[in-house]
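Residue numbers start from 1 in every chain, and the chains themselves are labelled A, B, ... in the order their sequence lines are given, proteins ahead of strands.
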Number of protein chains: 2
Amino acid sequence: MKSFLAITRALSDETRVRALLTLRDGELCLCQVIEVLGLAPSTVSKHMDILHRAGLVERRKEGRWQYFRMAGKAGGTEAAAALRWALEALRNEKAIADDARAVCCVRKKDRQEVSACYRAS
Amino acid sequence: MKSFLAITRALSDETRVRALLTLRDGELCLCQVIEVLGLAPSTVSKHMDILHRAGLVERRKEGRWQYFRMAGKAGGTEAAAALRWALEALRNEKAIADDARAVCCVRKKDRQEVSACYRAS
DNA sequence: CCTATACTTCGCCAAGTAACGAAGTAAAGG
DNA sequence: CCTTTACTTCGTTACTTGGCGAAGTATAGG
């Protein structure tokens with residue numbers, strides 16, 4: 001029951017659902033999620049922590065960056081089933097689609113910065 | 001998104017999850033749910049209203065009684081998928097099993113009262 | 001080292017929520 | 001009618017939660 005409620009509570013806030021879905025097409029670091037959502041770093045950090053403790057996202061530290069990705073959707077765990085359900089239920093949400101475009105921009109920005117680095121060297 | 005959040009919020013409270021699962025084996029009237037949960041009528045009434053507005057339970061009035069039952073689990077709606085997921089995730093929960101026994105008692109009590117009526121006539 | 005960047009922790013505040021009991025509505029039975 | 005029973009609505013209280021900014025930690029780069 002505890003883990004079930006951790007999941008439903010994690011999914012019961014719109015901001016948190018949006019944060020989770022930004023990871024639909026691959027991992028992002030916290031600052032990228034922050035930029036997409038347009039909220040304070042402390043706020044987003046807390047949201048990601050809640051999603052992580054619910055088992056819905058996995059985290060990976062690399063240097064200064066915390067990367068987040070959706071937990072394996074194919075598993076048999078409670079969280080995996082919840083993810084499958086949520087992804088299906090939110091398939092056509094406008095807010096999610098809007099965020100997806102913003103995620104795309106944030107990824108491109110990364111690449112531009114990378115190429116800027118190459119040009120500078 | 002609104003309906004998704006209505007569902008996750010409805011499922012994010014332990015009491016409400018217990019209330020929903022008391023209906024697993026068929027409909028009950030509010031006073032039976034009240035007895036199983038051991039909470040104030042006003043509290044349980046509100047919980048059932050939230051479950052109903054989320055589309056997770058259906059209601060039916062008969063005389064003085066409000067009967068509740070789980071929404072059709074076989075449908076293609078968001079709520080139906082949520083129900084399938086919740087039922088699967090909570091299959092082995094102790095709290096739910098305990099409530100199921102209490103539900104059983106409450107149903108028997110009904111039958112005793114019914115038979116008492118028959119004997120009295 | 002010192003600074004900058006990425007993130008976390010803490011304390012605060014406003015808004016939301018679960019519980020209760022009291023009072024109100026509605027239906028059934030004297 | 002009047003009472004009882006089943007339920008709902010309302011107001012209150014205690015607690016939780018989402019947001020923020022300020023301060024703290026950690027890592028990379030001069």
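- The base of D:dG18 lies outside donor-acceptor range of the side chain of A:Thr43, with no N or O pair under 3.5 Å.
- The listed nucleotides are C:dT9, C:dG21, D:dG19; the one nearest the side chain of A:Lys46 is D:dG19.
- Rounded to whole Å, atom C1' of C:dA18 lies 12 Å from atom CZ of A:Arg9.
- Between the CH2 atom of B:Trp65 and the C1' atom of C:dA28 there is a distance of 8 Å, rounded to whole Å.
- Atom P of nucleotide D:dT16 and atom CD of B:Glu14 are separated by 14 Å, given to the nearest angstrom.
- Residues A:Leu5 and B:Ile50 do not share a hydrophobic cluster, clusters being chains of Ile/Leu/Val/Met/Phe/Trp/Tyr side chains in contact below 4.5 Å.
- When each of A:Asp13, A:Ile7, A:Leu56 is tested with A:Leu51 by the rule side-chain contact (heavy atoms from CB on, under 4.5 Å), just one qualifies, namely A:Leu56.
- Counting any heavy atom pair closer than 4.0 Å across all strands shown, B:Asp13 reaches sugar-phosphate atoms only and no base atom.
- Straight-line distance from the CZ atom of A:Arg64 to the P atom of C:dA4: 12 Å, rounded to whole Å.
- With hydrogens and angles ignored, the 3.5 Å screen pairs no side-chain donor or acceptor of A:Arg69 with any backbone N or O of A:Gly26.
- Relative to the side chain of A:Thr15, the nucleotides D:dG19, D:dC7, D:dT8 differ in distance, and D:dG19 lies closest.
- Between B:Lys46 and B:Asp49 there is no salt bridge, since no side-chain nitrogen of the basic residue lies less than 4.0 Å from a carboxylate oxygen of the acidic one.
- Phosphate contact (OP1/OP2 of D:dC7, side-chain N/O of B:Ser45, threshold under 4.0 Å): absent.
- C:dA26 atom P lies 17 Å from atom CG of B:Leu30, rounded to whole Å.
- Of the candidates C:dC7, D:dA22, D:dT9, D:dA22 carries the atom nearest the A:Ser42 side chain, counting heavy atoms from C-beta on.
- Inter-residue side-chain proximity for B:Arg18 and B:Glu14 is flagged as met; some heavy-atom pair is nearer than 4.5 Å.
- One atom, CG of B:Leu51, and another, P of C:dA18, lie 11 Å apart when rounded to the nearest Å.
- Between the CG atom of A:Leu39 and the P atom of D:dG19 there is a distance of 6 Å, rounded to whole Å.
- Set against D:dG18, C:dA6, C:dA26, the side chain of B:Lys61 has C:dA26 as its closest nucleotide.
- Taking 4.0 angstrom as the limit, B:His47 places a side-chain polar atom (N or O) nearer than this to OP1 or OP2 of C:dA19.
- Residue B:Arg59 has a polar side-chain atom (N or O) positioned under 4.0 Å from OP1 or OP2 of D:dT8.
- When rounded to the nearest whole Å, the span between CD of B:Glu62 and C1' of C:dA27 equals 12 Å.
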